[in-house]
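Every value quoted in this text rests on a predicted model; they were computed, and no experiment measured them. Computed over heavy atoms, backbone and side chain alike; hydrogens, waters and symmetry mates excluded.
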Amino acid sequence: MSAVQLTPKDLKSDQEVRWCPGCGDYAILNATQAALAEIGVPREKMTIISGIGCSSRFPYYMGCYGFHGIHGRAAAIATGTKTANPDLSVWVVTGDGDAMSIGGNHLIHTMRRNVDLKILMFNNQIYGLTKGQYSPTSPAGLKTKTSPFGSVDLPFNPINLALGSGATFVARTVDTNPKHIKSTLLAAAAHKGVAFVEIWQNCVIFNDGAWKDWSTKDARAERTIDLQPGQPLVYGKDNEKGLRISGGEVEVVAAADADVWDPTTAAPLAYVMAYLDEREDLPHALGIFRQHDKPTYDAAVKEQVDALTAKKGKGDLKKLIYTKDAWQVG
Amino acid sequence: MSAVQLTPKDLKSDQEVRWCPGCGDYAILNATQAALAEIGVPREKMTIISGIGCSSRFPYYMGCYGFHGIHGRAAAIATGTKTANPDLSVWVVTGDGDAMSIGGNHLIHTMRRNVDLKILMFNNQIYGLTKGQYSPTSPAGLKTKTSPFGSVDLPFNPINLALGSGATFVARTVDTNPKHIKSTLLAAAAHKGVAFVEIWQNCVIFNDGAWKDWSTKDARAERTIDLQPGQPLVYGKDNEKGLRISGGEVEVVAAADADVWDPTTAAPLAYVMAYLDEREDLPHALGIFRQHDKPTYDAAVKEQVDALTAKKGKGDLKKLIYTKDAWQVG
Amino acid sequence: MSIAVTRQDDVVIRFAGDSGDGMQITGNQFTDTTALVGNDLATFPDFPAEIRAPAGTRAGVSGFQIRFSSTDIYTAGDIPDVLVAMNAAALIVNYKDVAPGGIIIANTGNFTERDLQKAKLATNPLEDGTLDGYRVIAIDINARVTEALAGSPLTSKDVLRCKNFYVLGLMYWLYSRPLEPTLEWLAAKFAKKQDLADANRTALRAGYNSGDIHEVFQGRYEVVPVENALPGTYRNIMGNHAVALGLVAGAELAGLKLFLGSYPITPATDILQHLAELKEFGVITCQMEDEIAGICTAIGASYAGMLGCTTTSGPGLALKTEAIGLAIMTELPLVIVDVQRAGPSTGLPTKVEQADLLQSLFGRNSDAPLPIIACATPADAFDCAVEACRIAVQYMTPVILLSDNYIANGAEPWRLPEMDKLPHFPAAQVTDPAGYAPYARDGKLARPWAVPGTPGLEHRIGGLEKEHITGNVSHNPENHQLMSELRRDKVLGVRDTIPTPEVSGPREADLLVVGWGSTYGAIRSGTERLRRERNVSVAHLHLRHLWPLANGLDEIFARYKQILVPELNMGQLSRLLQGEYPDHRFLHYGKVKGKPFTAREIREKITAVLEGKS
Amino acid sequence: MSIAVTRQDDVVIRFAGDSGDGMQITGNQFTDTTALVGNDLATFPDFPAEIRAPAGTRAGVSGFQIRFSSTDIYTAGDIPDVLVAMNAAALIVNYKDVAPGGIIIANTGNFTERDLQKAKLATNPLEDGTLDGYRVIAIDINARVTEALAGSPLTSKDVLRCKNFYVLGLMYWLYSRPLEPTLEWLAAKFAKKQDLADANRTALRAGYNSGDIHEVFQGRYEVVPVENALPGTYRNIMGNHAVALGLVAGAELAGLKLFLGSYPITPATDILQHLAELKEFGVITCQMEDEIAGICTAIGASYAGMLGCTTTSGPGLALKTEAIGLAIMTELPLVIVDVQRAGPSTGLPTKVEQADLLQSLFGRNSDAPLPIIACATPADAFDCAVEACRIAVQYMTPVILLSDNYIANGAEPWRLPEMDKLPHFPAAQVTDPAGYAPYARDGKLARPWAVPGTPGLEHRIGGLEKEHITGNVSHNPENHQLMSELRRDKVLGVRDTIPTPEVSGPREADLLVVGWGSTYGAIRSGTERLRRERNVSVAHLHLRHLWPLANGLDEIFARYKQILVPELNMGQLSRLLQGEYPDHRFLHYGKVKGKPFTAREIREKITAVLEGKS
Ligand SMILES: Cc1ncc(C[n+]2csc(CCOP(=O)(O)OP(=O)(O)O)c2C)c(N)n1
Ligand SMILES: Cc1ncc(C[n+]2csc(CCOP(=O)(O)OP(=O)(O)O)c2C)c(N)n1
Ligand code: SF4
Ligand code: SF4
Ligand SMILES: [Mg+2]
Ligand SMILES: [Mg+2]
């Protein structure tokens, strides 16, 4: 693709944006437009494919090609699109319900296959569009319209699920930090292969403040750590604290003694970072958990087609139909 | 449940067993009957629920209750059965296609919810019943009827997927070792919560020898390690080699220096053991990867029902219908 | 000066405002109070789209229509007598429906330049002649509420949020309704937020008093209670709520506990939400990962001896079809509720349509028959849910219960059933191993229900064809034919336990109008009025049972010269009837606009048909 | 002594043996050779259940029937003239079908005590009178093969594996067929396993020679080539293979590349398997995680500009219905192939049924019309697949192509199309931004296909109702009505590009038999013979297009006194026709035994109907 330079405005559509005032989706939309303007892909080669949910209205607001699919199936539709035309930059926008509930199967298989899609999962820990039922990422005990006495479901850790499915790029960002969204999406775009990006998103109406313990500016400094390739695992207001991994466990150390983060390692360290979520005493990780290079599905499909076409010559319909074992009458 | 003692024969049904001669399913059937005879549950309180596949014919051969469901849905059906009656011992029997392909979503959600089901996944890395197509666990490059030039799909590591979904009990065993199957199933039965057991199974017809590098008696000693709670991580013909985990990586050490295996740790060590599968130089792990105690879904559902019934009194239909805001006419 | 109170028999009010304006609450309060007054009533809430659109836009308009009357009514009315428009967008979207000369109350506080812009209006419709011919009452409700709540501890934004109660108060005044029910509701609702309770109370009273004080109206109205209402205890009910209650009742009447496996989907989600509250009835609700898991857990629960049930809307039903086949093959009881919405595909998720009938009948691989019933009104939904449970349990079969968005969210007074007159249909779960066979059959052709946990009845079921009696897997050709016929005949046998429906109107006439589901009200009202006022020779037949069709329909059809089938679809019941009763001709009258029929549309169509014009 | 060669016109042979006995290979070899000889033929392979049952049991029996003839034939025959039974189970399961006086060749080597036991036989049917009235040829094939292969390097187990080629040789001798085609096939097949090639060759020859040497038969037969066969190039083809080729051809004729998103399911899997081989045609096959992903990737690929296609059987179609609605709403081309099997639910997965017609028509939420076509025979499947592609591309719509298990695995000689006479229907993907609108429509009411990657045509599609022309989301009531009508009319418009089907037989008659799909052969053959032999007044109308129904059917139906509709289901086409053409009466004749109709069943039914007996 030729390196095209767009402005975020080029990526706005003519449709009125229709989320609730204060919804975290706005910030994500803006940051996405800013990021996509910089990936060097012309508008017509970008397509956004979504399922159903508040988050899934996303394609309508983007000035490129868009497909608002059906609930849970965005990853499957996008797999078809990308495999049919690997030249396109295909982005999947989905919610915690759309991706992890009804769409869970397509999600894990897309990640396993390493289809070169960028999957943005807006995690508000709730079904927004259907007005407030718990989702597979809602914490146990959450009271919602369908769990009036508290949900008895244990939630997924989306990062663990993505890692466990074999995703080659796994990252996390948050709606309150547009810069971080942008840099994360740029890294995702640069990755050749599936990129799963969990985006903590606030639903002001049905689950307000779900992430507030980690998402506000102050909380972010003290209670999150940003995983960046080649950077030390440090956090705190003045980056004064560090993490060191030993034997699957994690300890807090002085910044100077912190391990350096390497998302490309084959060893299962990314899981250790996901495990931080379970620890009250440790920060939650944002940033890039894993970044592995593996053959992509769409490229492998194309290679096989190309290789066999080169080997056998372009298929000839007549030869296919008129085989050796045919016989002549009359 | 009262402790009942059965013989394996009690768990045979009157139906002729119909797998191909030499199929690994026979050994698993026998070992399962042996194990289930010892779990202290009477026949009538056991039910086996399956999907579709060679493996899924299992219920017909068991002398307890059985439900041969539809393709991929066994875990969902079983969730309903177990939640409706937590008093039953509910076993799901499924294949790599049934569980991980079409049934992937129900599988991961069942594991996330920690429904107290025992899920036995017969992994032969192939679709047996439909006569030999690659499955989500087939190695990349496998030539099958639908991948004549080699599969371009990267496979799941079932253990990683189970762990990443939050399963509380994750284990692996192999059809060539009936004793190991039996002890693994007994451990699964003893676990309160979901138990995911991958069983390496040989399909003589369509994927013969898929596991032979690890499953024969000799290979097992040298190329597998058995994860048992509280036991050192040793392997080799004379248990002479050991494993030590450090910083997410694994090294081979003398048996005496081996780490002791603890599947109950909260730290993500189980992933390290799954990661052995990716290493040519290390053994593959069998045995128990994870064993965590968490509230089960079925019990939590029941508790909520019981608690609210205790609090509000048994629901009175008349009161439910004749509410305060009703009025009288005539 | 005292203001005259005029008696009216039948009034339609539409509240319309922004999604955030609380129109649904206003409407529901007016409804509840009106029910207590003893009027018959029907409501039609009309949500815009799923997401809150930007405030002030046309897309963001939310409406609630209520019709109340001194006599029996069947629909929420065609033409509002009063429109309350809380902003410019609400006005422009709705005013055309109002009866000529009708009242339009407009909140001028939300007709600023910006408001007009957001509503895509070049000029102010209050001033540019748009509303000529209506009785426009322009009030700056924002200002009045702010005045009334001067000194309240609430922020000015929260103060403005009370304006719907101001309007409600005003409408109570206009139609002479008591404030008490709403005052009580506020006290309960905001028990822990006294400030809000106070503010809304004050706004309500201010609105009520403004009627007297400001003399904006020439007079007040009174709609006296229904006189010839059937004696009994009544309560206001919405369709989704009625289904939930019916399922609980149905399970209890069968001696079973209810299990609901479901996945949220508009407009069916409420049923799950209602049932999730009823733990003390032993009701288990599992919100599953998708629709397939929803029905599969329900099948698994029925297998375990509960009454399995699943609730959904059209797209969700489409996903459940494979599993429905499993329930048919395993012959387990199961109630599947489909609250229909407009499609195809995602379509218009918050709008009404009756277009899942053929999906319900035929939307499965192979010949896979099951009984289908549809409810006519919110109150009828209770009876239909009970009936669905009865059939499921007595015949060991999945049953589809069709509701729709109009019934689901509409309300009407429900004459509560006398508890001891509810039908009992205890489920016969077998326990005796003697003579047990999994696919033996009783007089209804139902197989015995043997539940895991029962000693000596261990058996295996599944989706492969079963051998007659033994239930073993069978590939025998004759057996497959026999089982296919048994499955068909069992379902057809439901005919023996359902009554032939009664025609409303003359036994013989020029025209019979046949309907099903939520068109009931419009058809009943349209046909009655034509008979009453213009002596038209027309009758109405409503079908609750869509499969099997009741005995005796053929004879009924034969008594009418023509048959008209209005449906909110492109022709589904008409197609079914035409196939089943080829001796008659069924004229389809369809509407697919995401809206219910109005009684007037029905009347006009009937007239046209009888005049040979269509 | 020289053996007489008798001429026969029409022969039916059934090979039956254990699943492991290679009966399908034997049958296919006999078929290919017979095709080359120039006979018309039809085959019917009959696999037992899905899993290899224990050797020797009744459940493990696998059969292959071939009928070949000197004249045109339409079915694989009702009654075998010869049964080859490789073991006791194969004999007992099949002998009853054989014509009285017919030949039964039994491999006595597999009638030991143990074999009888496994086949659940108390006594040996070769000895106990069971086969009285048949010409039984008992040969110990095991022994003969072992003799013939004495000295072979193969193990004795592998030697026994060659017995099917011994039988094949014997049958070649009996019916005077050449050995060369099979010898060539063996050479190619076992190019790298010379031992096996040699052994099978030897066994084949030994079987052939045994005809002469052992004089087990009184005579040989000859079935001369079809004389009046249409001139052209022929090749033997199975239905699933023909569908695969038709899809490749269809894509090429549209100027597109083919994309298949699928999930394996019996009996549709072969199509995926065939297409997976054709990479050099640019065909992409994605074996997905389930049926839903299969169709969704196909939709995504069509969206990207390929010709999306998905293949499945009934239970899989049930899972795809929600996504089909999305394809209907987004108006993308898509071919959905359903190879029907017996149900409901898992049913009888390897048996035939035609029971997905109504599912195809109505199995989706809301009114969601699409065109449906069904193939009649294996060769016809090619044309139908091309036709499905044409309609999908020209009308921008999903199309369902119905095949079934009988067609899928059956074979017949296929008169190859002349390449330059194949229809061309180039897809018109738009590239010009001038005047582009996503939901504008052409003369066929198709919307323009604008593919991502095209500059200036960026637009958004999806499952919510679309605004006419612009394609923006629209909740407008009138627009929804309009779009619903456009969707209906576009599909009905397909009528304009399909011919009225031709009746075979008299223009007017006492009875018209209307069929669809794989019953074609049995009906054609049954009606022709009744006319020919008994001068019965009966005609046959075969429907390729099931929706929309072709123009002119009404007039055709009017010309016959009665109309009979045989189907392998409980009444689906008959129901559809009755609803559409109420002026006529359609008599359903159903069979759901997992088997095709025999021509005799059709004849008997026709006779009964005409005699007023049914
Ligand atoms: C087949 C189907 N089932 C259910 C629904 C209803 N539905 C629409 S969106 C949604 C959940 C959305 O949650 P999420 O993906 O988290 O999106 P959010 O609205 O929170 O952004 C559901 C259940 C549907 N549209 N289709
Ligand atoms: C809805 C549906 N799709 C597809 C199939 C076909 N099918 C049956 S079993 C199977 C795969 C079985 O593979 P696995 O679960 O690994 O079982 P195995 O036979 O290898 O034991 C498939 C694709 C089906 N029965 N139903
Ligand atoms: S409901 Fe929640 S997620 Fe949806 S638009 Fe509103 S704030 Fe955002
Ligand atoms: S096909 Fe494979 S898995 Fe199936 S029964 Fe045979 S050997 Fe076992
Ligand atoms: Mg969400
Ligand atoms: Mg398998």
Side-chain angles (χ1 to χ4, degrees), chain C residues 48-49 59 313-315 317-319 321-322 325-326 328-330 340-349 351 353 355-356 358-359 361-368 462-465 473 475 477-478 480-481 484-485 487-488 569-572 575-576 578-580 582 585 591-595, chain D residues 48-49 59 313-315 317-319 321-322 325-326 328-330 340 342-349 351 353 355-356 358-359 361-369 462-465 473 475 477-478 480-481 484-485 487-488 569-572 575-576 578-580 582 585 591-595:
Chain C
S313 184
L317 188 62
L319 288 167
T321 55
E322 193 209 2
L326 179 65
I328 289 171
M329 190 62 116
T330 52
Q340 299 162 97
R341 63 187 218 186
S345 195
T346 314
L348 299 169
K351 303 293 171 190
E353 210 157 271
D356 289 346
L358 293 177
Q359 178 182 216
L361 272 161
F362 303 121
R364 291 170 290 282
N365 54 305
S366 199
D367 295 296
L464 287 167
E465 182 60 287
V473 173
H475 286 80
E478 304 304 328
H480 180 47
Q481 178 85 44
S484 298
E485 288 167 10
R487 280 186 291 265
R488 177 196 61 198
N569 59 43
M570 304 285 287
Q572 300 209 353
R575 178 183 287 274
L576 174 68
Q578 193 59 74
E580 288 287 311
R585 287 294 170 283
K591 174 176 177 180
V592 281
K593 301 189 178 182
K595 292 182 171 196
Chain D
S313 184
L317 188 63
L319 288 167
T321 55
E322 193 210 2
L326 179 65
I328 289 171
M329 190 61 117
T330 53
Q340 301 162 95
S345 196
T346 313
L348 299 170
K351 304 293 172 192
E353 209 158 271
D356 289 346
L358 293 177
Q359 178 183 213
L361 272 162
F362 303 121
R364 291 169 289 283
N365 53 303
S366 200
D367 295 296
L464 287 166
E465 182 60 290
V473 173
H475 286 79
E478 304 304 328
H480 180 47
Q481 178 84 43
S484 300
E485 289 168 8
R487 281 186 291 265
R488 177 195 61 198
N569 60 42
M570 304 287 286
Q572 301 209 353
R575 179 184 285 275
L576 174 68
Q578 194 58 76
E580 289 287 309
R585 285 297 171 282
K591 173 176 178 181
V592 282
K593 301 189 178 182
K595 292 183 169 197

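Each of C:Met570, C:Met329, C:Arg488 has some count of heavy-atom pairs under 4.5 Å with chain D, and the biggest count is that of C:Met570. Between chain D and the options C:Gly343, C:Gly463, C:Gly325, heavy-atom pairs under 4.5 Å are most frequent for C:Gly463. Ranking D:Pro477, D:Gly594, D:Ala368, D:Gly462 against chain C, the residue ahead of the rest is D:Pro477, based on heavy-atom pairs under 4.5 Å. Taking chain C as the reference chain and counting heavy-atom pairs below 4.5 Å, the highest number among D:Gln340, D:Glu322, D:Gln481, D:Glu465 is found for D:Gln481. Between chain C and the options D:Leu319, D:Leu317, D:Val473, D:Ile328, the largest number of non-hydrogen pairs under 4.5 Å is found for D:Leu319. Contact tally against chain D (heavy-atom pairs below 4.5 Å) for C:Gly347, C:Gly571, C:Ala342, C:Gly579: the top residue is C:Gly347. Taking chain C as the reference chain and counting heavy-atom pairs below 4.5 Å, the highest number among D:Gly363, D:Ser313, D:Ala318 is found for D:Ala318. Note: D:Pro344 leads D:Pro344, D:Gly314, D:Ser484 in heavy-atom pairs under 4.5 Å with chain C. The greatest number of non-hydrogen atom pairs below 4.5 Å with chain D, out of C:Thr330, C:Asp356, C:Leu576, C:Leu361, is found for C:Asp356.
The CG atom of C:Asn365 sits 12.5 Å away from the CG atom of D:Leu358 when rounded to the nearest 0.5 Å. Residue C:Gln578 holds its CD atom at 12.5 Å from CZ of D:Arg575, rounded to the nearest 0.5 Å. Distance check, rounded to the nearest 0.5 Å: CD of C:Gln359 to OG of D:Ser366 gives 9.0 Å.
A 4.5 Å side-chain heavy-atom check between C:Val592 and D:Glu485 finds every atom pair outside the cut-off.
Each of C:Lys591, C:Lys595, C:Lys351, C:Glu353 was checked for a side chain to side chain donor-acceptor pair (under 3.5 Å) with D:His480, and the lone residue meeting it is C:Glu353.
Every salt bridge (charged side-chain N to carboxylate O under 4.0 Å, His left out) that D:Lys593 has, sequence neighbours left out, goes to C:Glu478.
In terms of heavy-atom proximity, D:His475 sits nearest to C:Leu348 at CD2-CD2, 3.5 Å.
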